[in-house]
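The structure under discussion appears below in the form of structure tokens.
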Protein chains: 2
Amino acid sequence: MTMDSSPRQNLGISAYSWLKRDITRGVFQPGEKLLMSRLKERYGLGIGPLREALSQLVAERLVVAISQRGYRVAPMSLAELADLYDARAQLEGLILQLAIERGDDAWEAEILAKAHTLSKIMEVNSPDELLDVWDTRHKAFHTAIASGCRSPHLLQVRESLFDQVERYRHLWLRETVFSEEALERKRQEHAALVEVILERRAERAADMMREHLMTPVPIITEVMTRRGLA
Amino acid sequence: MTMDSSPRQNLGISAYSWLKRDITRGVFQPGEKLLMSRLKERYGLGIGPLREALSQLVAERLVVAISQRGYRVAPMSLAELADLYDARAQLEGLILQLAIERGDDAWEAEILAKAHTLSKIMEVNSPDELLDVWDTRHKAFHTAIASGCRSPHLLQVRESLFDQVERYRHLWLRETVFSEEALERKRQEHAALVEVILERRAERAADMMREHLMTPVPIITEVMTRRGLA
DNA sequence: ACTGCATCGAATATAGATACTTGGTATAAA
DNA sequence: TTTATACCAAGTATCTATATTCGATGCAGT
């Protein structure tokens, strides 16, 4: 049988996924030194694959390498928060304008589908499950909108900024998802966004998108200050 | 003496620079398999540092990794050429609009300085030197314009697309720099661009920038077709 | 001609050797 | 007495070399 269930994934690639997840989830603090001995123990891997994974994360700016002095988790700061969200909002605005120019009927349908799935979340057992489900569907909704631009490379660049922002966004998620009031506001913003998009009002839609994406900034600033991360 | 002149750069980082250079310069063909034995021999390094360098290049999409089957140079295609240049033109347009909103007097001065340096190239000994000098100054000119957006992360994303496009751009360079006619046209486009930027006409400037950045596409398409790279 | 087996080559991982940095302590000078 | 510097020891990153595993190719046998 050639249908082997184990495609034998390269250990470096697995190490990459696990490390990325642990960094964005805050298992490793910003600025923290990533000791090879610790990582070896935690993931049960040799140094080689770990160095490979770390090299990739350096390229994605989630980890910084200091020559001959090992690796550290990239630091977080209020300045980076502001710039990262601004850059992302501007880029997403551009992508949305292009999507409105270039998107077809299937694109519109996909947006409506994802918006519906997002707005109707029920039957969740635990708060953590709510967070996971809402987050997944929220991402899917925004990705559906962006995909209309039909440019793989713009979408790739969008992904890259998204990965960098994820650590900050994670701080915001807990504050938002567990507040019925905040959740309701998001619901309204999304509905308004969909409406303007379907009317193909590019300029207005881009403005709304930029504004929508900037709303978490004050909240995250507050959380970071409170926790002394700034 | 603590002033050691050798900061003892990690071999992985050097390997990264050399490999990147050799890939963008076409020493390794698109799609070509990167044999560890070959690389070891060529750069005089062990496998470890090479794997590190390759991992970073994978994150930058210049190399693709096939699990358990080593690494290959990322393929080139007409489809990627078109999308890459489109994405870059759109992004650069956005950045220019922001730069015109946000740039100060020092920014304007820097643009004028770089434009002047670019337009007055003389005293070159060889054609290859002309290519190098012109390319360096051309990049500096465009970077000076972009830097006005004051967003490190947008500039970082711009760099990333630029690195990906460099292989294609290199094909175009030889066709343009060695033609006095093409060079003169570029000179005029740059002058017109500077004029509109200094007048702070954001919309018009962005349009011109997008158009300016798309001009190499037909030429590169022609070269690729001629050489059977498509 | 096709299938199964063996051999070869390449990628991957681990383990060990080397060289660097860092923190502490002791000594000397102010 | 205090401060600064130099030296020493422990820990850590980095590299090279070796072993293992996986895939591919060629040959032989049916």
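We name chains A, B, ... by the order of the sequence lines, and we start the count at 1 in each one.
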**Item:** d(CG, Leu50(B); P, dT14(D)) in whole Å
**Value:** 15 Å
**Asked** dC22(D) P sits how many Å from Leu11(A) CG, rounded?
**Response** 11 Å
**Separation of dG23(D) C1' from Gln68(B) CD (nearest whole Å)** = 10 Å
**Asked** Counting any heavy atom closer than 4.0 Å, what does Lys33(B) reach on the DNA or RNA strands: base, sugar-phosphate only, or nothing?
**Response** sugar-phosphate
**Request:** Starting at atom CE of Met36(A), determine the distance to atom C1' of dA15(C), rounded to an integer number of angstrom.
**Result:** 15 Å
**Request:** Would you check if the side chain of Glu32(B) reaches a backbone N or O of Phe28(B) as a donor-acceptor pair within less than 3.5 Å?
**Result:** no
**Request:** Rounded to the nearest angstrom, tell me the gap between atom CG in Leu45(B) and atom P in dT16(D).
**Result:** 7 Å
**Complete:** residues 213-230 of chain B vs side-chain hydrogen bond (donor to acceptor under 3.5 Å, both in side chains), sequence neighbours excluded, gives Lys186(B)-Thr215(B), Glu222(B)-Arg226(B)
**Prompt:** Is Asp128(A) close to Arg174(A) at the side-chain level, that is, under 4.5 Å between some pair of heavy atoms?
**Reply:** yes
**Request:** Rounded to the nearest angstrom, tell me the gap between atom CD1 in Ile47(B) and atom C1' in dA10(C).
**Result:** 9 Å
**Prompt:** If you find the nucleotide of DNA chain C closest to Arg51(B) and the one closest to Lys40(A), which residue's nucleotide is nearer the 5' end?
**Reply:** Arg51(B)
Enumerate, atom names and distances included, each donor-acceptor pair closer than 3.5 Å involving a side-chain atom of residues 84-91 of chain A, sequence neighbours excluded.
{"residue": "Asp86(A)", "atom": "OD1", "partner": "Arg102(B)", "partner atom": "NH2", "Å": "3.2"}
{"residue": "Asp86(A)", "atom": "OD2", "partner": "Arg102(B)", "partner atom": "NH1", "Å": "3.2"}
{"residue": "Asp86(A)", "atom": "OD2", "partner": "Arg102(B)", "partner atom": "NH2", "Å": "3.3"}

**Asked** Rounded to the Å, how far apart are Leu54(A) CG and dT14(D) C1'?
**Response** 13 Å
**Asked** OP1 or OP2 of dT22(C) less than 4.0 angstrom from a side-chain nitrogen or oxygen of Arg69(A), does that happen here?
**Response** yes
**Message:** Can you measure Ile13(B) atom CD1 to dT14(D) atom P for me and round it to whole angstrom units?
**Reply:** 8 Å
**Request:** Choose from dT16(D), dA13(D), dA13(C) the nucleotide whose nearest atom is closest to any side-chain atom of Glu52(A).
**Result:** dA13(C)
